[in-house]
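I have placed the structure first, in the form of structure tokens, so that the comments after it can refer back to it.
Because the structure is a prediction, the values reported are computed rather than measured. Order of the sequence lines fixes the chain letters, A, B, ..., with proteins taken first and strands second; residue numbering starts at 1 for each chain.
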Amino acid sequence: MTDPKRYLITSALPYANGPKHIGHLAGAYLPADIYVRYLRALKKDVLYVCGSDEHGAAITMQALKEKTTPQAIVDKYHAMLKSNMADLGISFDIYHRTSSPIHHETAQEFFTMLNDNGDLEQKESEQFFDEEAQSFLADRYITGTCPICGYVGAFGDQCEKCGTSLSPEQLVNPRSTLSGITPIKKVTTHWYLPLNKHEAFLRQWILEDHKEDWKVNVVGQCKGWIEMGLQPRAVTRDLDWGIKVPRQDAEGKVLYVWFDAPIGYISATKQWAIDNDKDWKPYWYNADTKLVHFIGKDNIVFHAIIFPVMLKLHGNILPDNVPSNEFMNLEGDKMSTSRGWSIEMEDYINDFVKKENGGDQMVDALRYYLTAIAPETKDSEFTWKGFQDAVNSELVAVFGNFINRAFVLMHKLCGGKVPKFHNEIMDDADKQMLEEIKITKQKIAQNIEVYKFRDALAEVIDLARKGNKYMQDKEPWIVAKKVSPNPSEGGEYDPNAQNIIDNCLHICLQLTANLAIFINPFLPNAARRLCVMMKTVDKMLDWENAGSAKLLSVGYSLRPPELLFKKIEDSEVSEQVEKLKIKSEAIKMENSKKDGGQQKTDETSKINGDTKVSEAQVPPLEKFREAIKSEIQFDDFAKIDLKVGTILSAEKVAKADKLLKLEIDLGFEKRTVVSGIALHFSPEDILGKQVVVVANLAPRKMRGIESNGMILMAEDAEGKLKFVAPDAVVNNGSGVS
RNA sequence: GUCGGGGUAGCUCAGCUGGUUAGAGCAUCGGAUUCAUAACCCGAAGGUCGGCAGUUCAAGUCUGCUUCCCGAUACCA
């Protein structure tokens, strides 16, 4: 977008079910903050919103775990996240929360408008239901044995042990975490967002309009989704923690957390407008607003496909870009709070920022390293040694040291004042140095504008490096010997000596002021402290001032230098590495204790003989009982049109290991039916077989092939499939009832 | 399984439409220097560009296959 009137910047809403680590910080918050601080320095109209995502089943799970209420959980973690972000200099204009009334209203209005406009669909589906607790169960609320690795505590959506993503149906011996009983399946009604209806729009908008300016991983993943065929997505759930679906016929239903969370950006904007007596609407409705969502790679489809469809249907503007970062690993392994292999923002703040030897500069140290290794194009890795090296030999030795030596020399050789610049003896090195400042300004701006913060920061350090070299070449400390030579050393007086020194330090100081402007979006604390040292106002940090060689007035006396950053000691990093190991070991022990407990019950049941059924075993009859669905009327059954047909041809569907494409002769017509039986039958085995087909089933696309009907199959206890068919050949097209 | 991204010097990463001896910072080693947080500055050494095949006068860069890491995920009506 060229020259937007205002900017609306968002960072992914952190989920308030626990502390968040520095990988999150590096992925979605720090880059956004740098961008926002840069825009503010440009004096743009920019609003930066974020907040805690406080709904969803994982919150209620955490409440069970901590033996408290969901509200208590979100209150606790919202407060923690909010203060952590503030402590680390993430400068939200508002950090809001989705449990607030204004968010509930906003999300409900959003749903109502889409529903009233006919943009949502209502469909029935079967969900697991806990009869004892009288409650539908989110996938997370069902535990059982993982069919892949046999882990006893797998969840309905994922096995934490082997990492496989699961559906609750796949669990062996599923149990409700609410009551412990085996859940049954029950029909429920939900609202869906028919993404499939917006394929043409998404193709144009993402694959054409943004194929150049969006990151390859974002466009690539969206392309994959679109090509795969978009499916309607449920926007409601049966749960009691969340935003009530604003309809009388939706008792006990809430908006699905993914639907309500991104609307949090809008409600946060509204709250900000109220607090600041502003109008929120232009930020979400005017086409001259540039909306940018900063996210991690796990969030791409929500922010690039689903939320934009919602926004479009609701009449809002669309994001101009969705800069998504990859992930940051830690000391050779994935960062994970639950496994204890992480550096929580909270912990870093306690260990470095709050200690007497830490403070703001340690915020900047972290911001420096996280930006320098930001996972912009691929996963990156945080190591404590890397942190120490980056801080000590780049931030301290190059940047901090340049500024320190400029200040020290100025105090020693120029009386603590900004020296005069003598144009008449200006040389090429001086010109070159001044020119470099301007070039660097351009490079930084160009990089930030395309979200390359790592490169932008490297430019700042590189400019300081050039400053060091310039000073080295000019060596004013040598020239100083010619100002007041010591005859015993054979020094010679040079009337020009002081002027040479003045020019060098004049340029070094102007460069220092420029460095303050350049470093400001990245390391705001350092920039502020530089302003104090130079006795300038914060306004000097406005971006338009960058490139100027007149930021500090001649004759102006400056404060004595103060070290901007301290070196990080070996002991500090080794302590952290040790701490990390201890933390993850402790959690591993705890988990294996749990495992051990479960295995013990297994063993006990074996020792007791076969009279007791072990938890890990599948009770087959029980399994069939579960499968009994809720009662229907004859009319419901009569709606189903069953016909006998013969399989004329069968072929494997490309890129699908379970699907067969079948031609079926129904007597009066031939049908294409796609059936998921490829693992049980090979195409040639089933040619000519008679089958029972649901003839009036709505067509459905699978792998791009439209399936018109479904074939009835029987499944035995081992999951083997058998055809349901007449026991003697009948005419194709015969009815079944 | 499928889709997407990625595997380039010890480490963190650049390398646009294929073109002379593959780049940067850090780490390492050597030199110079002392204004500076034993900092800076100069120089050297470091890579069969995950593997195999192919296209081409020429491939890190294109094609196919293969392997490893990360993310997203079906379908099974």
Give the rounded distance in Å between these two atoms: [atom1] of [X] and [atom2] of [N].
X	N	atom1	atom2	result
A:W225	B:A74	CH2	P	7 Å
A:K566	B:A36	NZ	P	22 Å
A:Q231	B:U2	CD	P	19 Å
A:K223	B:A74	NZ	C1'	19 Å
A:L457	B:U12	CG	C1'	13 Å
A:D462	B:G23	CG	C1'	14 Å
A:L409	B:C40	CG	P	16 Å
A:Q472	B:C41	CD	C1'	4 Å

As a test of reading the structure: which of [options] is closest to the side chain of [X], going by heavy atoms?
X	options	value
A:S380	B:U37, B:C35, B:U12	B:U12
A:D298	B:U73, B:C35, B:G71	B:G71
A:K334	B:C41, B:G71, B:A36	B:G71
A:V408	B:G71, B:A39, B:A36	B:A36
A:N217	B:C13, B:C40, B:G5	B:G5
A:K297	B:A39, B:A72, B:C70	B:C70
A:E394	B:G71, B:C26, B:G6	B:C26
A:I373	B:U12, B:G71, B:G25	B:U12
A:A397	B:C35, B:G71, B:C40	B:C40
A:F327	B:C70, B:U37, B:G25	B:C70

- Item | Non-hydrogen side-chain atoms of A:P476 and A:C504 separated by less than 4.5 Å | yes
- Item | A:L202 and A:L207, any side-chain heavy atoms less than 4.5 Å apart |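 Heavy-atom side-chain distance check fails, nothing below 4.5 Å.
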- Message: For a stem of at least 3 consecutive Watson-Crick or G-U pairs with distances under 3.5 Å, i pairing with j, i+1 with j-1 and so on, which stems involve RNA chain B?
- Response: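 If one scans RNA chain B for consecutive Watson-Crick or G-U pairs, the stems found are B:1-7 with B:67-73, B:10-13 with B:23-26, B:28-31 with B:41-44, B:50-54 with B:62-66.
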Could you measure between the two [atom1] atoms, the one in [N] and the one in [M], and give it in whole Å?
N	M	atom1	value
B:G47	B:U17	C1'	26 Å
B:A32	B:A44	P	16 Å
B:G50	B:C13	P	15 Å
B:G31	B:G23	C1'	24 Å
B:U20	B:A58	C1'	11 Å
B:A22	B:U61	C1'	11 Å
B:A45	B:G51	C1'	28 Å
B:A27	B:C11	P	15 Å

Regarding [X], tell me which of base, sugar-phosphate or nothing describes its non-hydrogen contacts under 4.0 Å with the strands shown.
X	answer
A:K412	sugar-phosphate
A:I300	nothing
A:F407	nothing

- Modelled atom types, side-chain donor and acceptor of A:Q221 and A:N217, under 3.5 Å: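 Side-chain D/A pair, A:Q221 to A:N217: absent.
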- When syn is taken as a glycosidic angle within 90 degrees of 0, is B:G46 syn or anti? syn
- Check whether NZ of the Lys or CZ of the Arg A:K297 lies under 6.0 Å from the centre of the six-membered ring of A:F327 and within 45 degrees of that ring's axis. yes
- Within 45° of the ring axis of A:Y451 and under 6.0 Å from its six-membered ring centre, is that where the NZ or CZ of A:K215 lies?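 Judged by the rule, A:K215 and A:Y451 form no cation-pi pair.
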- Task: For residues 453-482 of chain A, pull every pair meeting ring-ring contact (aromatic ring centres under 6.0 Å, His included), keeping only residues two or more places apart or in separate chains.
- Result: none
- Message: Take a 6.0 Å sphere around NZ of A:K417 and say whether it holds more than 12 heavy atoms from other residues, nucleotides or ligands.
- Response: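 Open: at most 12 neighbouring heavy atoms sit under 6.0 Å from NZ of A:K417.
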- Which heavy atom in A:N447 sits nearest to a heavy atom in A:A456, and how many Å separate them? CB-CB, 3.7 Å
- Query: Which atoms form the tightest heavy-atom contact between A:A26 and A:M328, and what is the distance?
  - Reply: CB-CE, 3.6 Å
Give a yes/no answer on whether the side chain of [X] brings an N or O atom under 4.0 Å of OP1 or OP2 in [N].
X	N	value
A:R465	B:C26	yes
A:K378	B:A14	yes
A:R454	B:A14	yes

- Task: Take A:D379 and A:E475, find for each the nucleotide of RNA chain B with the closest heavy atom, and name the residue whose nucleotide sits nearer the 5' end.
- Result: A:E475
- Item | Along RNA chain B (nearest heavy atom to each residue), the more 5'-positioned of A:K466 and A:R233 | A:K466
Quick test: give all pairs of protein nitrogen or oxygen and nucleotides 27-29 of chain B nitrogen or oxygen below 3.5 Å, distance rounded to 0.1 Å.
none

Do the side chains of [X] and [Y] get close enough for a salt bridge, i.e. N-O under 4.0 angstrom?
X	Y	value
A:E562	A:R559	no
A:R465	A:E459	no
A:D360	A:R529	no

- Task: Take A:E124 and A:T188 through the side-chain contact (heavy atoms from CB on, under 4.5 Å) test and state the conclusion after the steps.
- Result: CA-CA 6 Å; A:E124 285 192 343; A:T188 180; over 6 Å; no
